[in-house]
Amino acid sequence: MATETMTTTMHGAIAPTEPGHHPDLRLFGLIVFLMSEGMLFVGLFAAYLTFRAVATEWPPEGTPELELLLPGVNTVILMSSSFVIHQADEAIKENKLAAVRGWFLATFVMGAIFIAGQVYEYAHLEFGLTSHLFGSTFYILTGFHGLHVLIGLTLIAAVLGRSLKPGHYRAESHFGIAAASIYWHFVDIIWIVLFVLLYLL
Amino acid sequence: MTQVIPHYPMGDAQPNRTPWWTYFTFSTDHKVIGIQYLVTTFVFYLIGGALAAIIRTELATPDSDLMPPEWYNGMFTMHGTVMIFLWIVPSVTGGFGNYLVPLMIGARDMAFPFLNALAFWMIVPGATLLMGSFFVGPASTGWTAYPPLSILTEQHAGQIMWIFSLLIIGTSSILAAVNFVVTIWSMRMPGMGLFDMPLFCWATLAAAIMVLTSTPVLAGALILLSFDLMGGTNFFNPTGGGDPVVYQHLFWFYSHPAVYVMILPVFGIVSEVLPPHARKPIFGYKAIAYSSMMICALGLFVWAHHMFTSGTPDWLRIFFMVATLLVAVPTGIKVFSWMATLWGGKLRLESPLLFAVGFISMFVVGGLSGVMLGSAPIDIHVHDTYFVVGHFHYVLFGGSVFGIYAGLYHWFPKMTGRMFNEFWGKVHFVLTFVGFNLCFLPMHILGLMGMPRRVAQYDPQFTTINQICTFGAFLLAISTIPFLVNAVYSWLWGEAAPNNPWQALTLEWTTTSPPHPHNWEGDPVLETGPYDYGKDYSQSSLVRH
């Protein structure tokens, strides 16, 4: 196909990449995926708001007001944990692996406290999943978010495990750390919206 | 810089043929995955088509005499579900998208090859669940699965399997979409800007964004529905204080964009097929690229036009009516651009172009009836009649399937390294075109006469027209035979294909047929714009001094 003119006039852009070697796009991919996953919650939130708007009485008569203290403390813990895990993201840039482990461990403990608090709250609520629409939406939304917290904790534990392998995470290569912390921020942001919708509104 | 593309003379034996067993493995090669998708989805097209033939046989007579009406409900439910979730969506995104995008942008593979293979193989459990539901009594509440019907259904197990199947297939399509967005955005070869990409890549990008935005919302709806079915909740059951209309909103927030997911990549295919076969540059490159993105944006805000009769308040009806009609603008821009591309071209009326032109004409019919249905007063009148069935088959069959066939013929030489038989391609086209119009055009009349859809029996006054439809459906079923025989025979024993049988300018034609495992043996070279037909290469927009 090549002709004399083409060879001389083409600007000659070629792909310098070898098969399987291209810039690390995993973080970009994760962010795209999380934006998509966020839409799952957007859909559930929209459903919740519609149920609530259509209902004649919300919450239904006789349902005690939701206790604010425990979920409030839980919210503060989860929000702070986002700042804690961010420290790990900063520490790895200076190759401080011990600090990374510390911050990740702290985040893990804070996340575990959040889950424990939620289990405690579930155990002491007077309504169940099938009591009424209010109860169903409450358990589905918090439960689904709780599931995401558990996934986040698994990721954090996996990073902690892998950090024991020498040289696995370095200043120039630490996808696992970045991914776990982005995922954790995502879980945190969803909770803030959820808390406002379920407890404050 | 010198030309580094290895040159294989015309008729050369295939240098890079993939062994057949590779297609049964967890291969991470985007070309293998693309063909895995295309073949698998075509099998489901045949299954969905067999269901359609059963439906049309039942409807050949006014009475429900072929099978009990409950079975009939299962047939049309599964027909719709299979055609949408296992044929068109995975075929146009997973199939063509995976095969073509990396080749068109000069990449070695998709951004995440492992994820890509995973997304394909998720189809297997998803499809197995769906097909397995035939053994327990398949879901019978329509592909929409509206509650409370889908909660109270007697096919409880089948409905649950339907839900989980869709959740799995939906996840697969989200993972594939992540791959497309990242690949198209970040893996283009040096020197290829967004506006140097082939239009198929624009269309795939737009479709992927719609998948990412809307599919999770369907997942949310299905999760709530599954709790209603199995967990004792009452989200969508009015007797327990729930609201079935919320399901409809969530469902259509996915399922209307899904229509664009099924048609946008096909718009892309047609934009690729027309220029080389008309020997002309595409008319309005930027207009077509932007209109894909505009359809993507507008298409997310039209869903409630499926709910004009669901007690939707008037102000919402007006909003969704206006938004729906606005979609006709970018779509019209595309149609006129394609016609202008053909205008005055040196048309090579072979199978790919025949199907592409068939696509344009049939899609315009479906688009126009879509404008009618988008307008609330008409929609309320013909809602749930055969007019709607006629309309969406013109869009999804006359549109998507014709476009898929155009693409299959166009890229068959590249994918298999063999030429298909042109004569049988033409036979296939004529049978499909005639069968399709016989089957679906009369449905508009049936709908205007008031025949409701989704019912096994009908008033005897509709018999003659229904028999024409059934005859057309049988012709359509027969039309796949020449295609199948031609495809299988040509793949095995066809004449070896040259690297660039259509003298096309997009990058996939610069490599061997079939392509090298790493797409190009050397490095791909960007010499011309994708549609610089009839132009002096020295005038190419890509030449920057």
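To find a chain, count down the sequence lines: A is the first, B the second, and so on, and within it residues start at 1.
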B/I223 versus chain A, the contacting section by heavy-atom distance below 4.5 Å: side chain
Specify whether A/H145 and A/F114 have parallel, tilted or perpendicular ring planes, treating 30° as the upper limit for parallel and 60° as the lower limit for perpendicular. perpendicular
Where does B/L175 contact chain A at under 4.5 Å (heavy atoms): side chain, backbone, both or neither? side chain
Could you tell me which portion of B/V178 (side chain, backbone, both or neither) has an atom closer than 4.5 angstrom to a non-hydrogen atom of chain A? both
Counting only heavy atoms closer than 4.5 Å, note whether B/F180 contacts chain A via side chain, backbone, both or neither. neither
For each of A/V54, A/T50, A/V32, tally heavy-atom pairs with chain B at distances under 4.5 Å, and name the one with the top tally. A/V32
Measuring heavy-atom distances to chain B, does A/L129 have an atom under 4.5 Å in its side chain, in its backbone, in both, or in neither? both
Does the plane of the ring in A/F138 sit parallel, tilted or perpendicular to the ring in A/F127? Use 30° and 60° as the thresholds. perpendicular
Quick one: what part of A/I140 sits under 4.5 Å from any heavy atom of chain B, side chain, backbone, both or neither? side chain
Do A/L194 and A/L197 have side chains that get closer than 4.5 Å, going by heavy atoms? no
Under a 4.5 Å heavy-atom cutoff, which of B/D243, B/L218, B/N237 has the most pairs with chain A? B/D243
Is chain A contacted by the side chain of B/D109, its backbone, both, or neither, given a heavy-atom distance below 4.5 Å? neither
Between chain B and each of A/G43, A/A55, A/S36, count heavy-atom pairs under 4.5 Å; write down the option with the most. A/S36
Say you draw a straight line from NE2 of B/H30 to CE of B/M110; how long is it, rounded to the nearest 0.5 Å? 8.5 Å
Flag the pair B/R108 and B/D523 as a salt bridge only when some basic side-chain nitrogen lies within less than 4.0 angstrom of an acidic carboxylate oxygen. yes
Show your reasoning for whether ring pair (Phe, Tyr, Trp, His ring centres under 6.0 Å) applies to B/F253 and B/H249. CA-CA 6 Å; B/F253 186 83; B/H249 277 293; 9.9 Å; no
Interchain contact, B/F235 with chain A, by part (heavy-atom threshold 4.5 Å): both
Decide yes or no for B/T233 and A/H132: does some side-chain heavy atom of the first lie under 4.5 Å from some side-chain heavy atom of the second? no
Identify which of A/Y139, A/F41, A/F33 forms the greatest number of heavy-atom pairs closer than 4.5 Å to chain B. A/F33
Sort B/F227 into side chain, backbone, both or neither according to what part of it lies under 4.5 angstrom from a heavy atom of chain A. side chain
Taking the side chain from B/T215 and the backbone from B/G170, do they hold a donor-acceptor pair closer than 3.5 Å? no
Show the numbers, then the answer: is there a side-chain hydrogen bond (donor to acceptor under 3.5 Å, both in side chains) between A/D89 and A/H174? CA-CA 9 Å; A/D89 225 12; A/H174 52 268; 4.7 Å; no
Toward chain A, the part of B/I209 with a non-hydrogen atom under 4.5 Å: neither
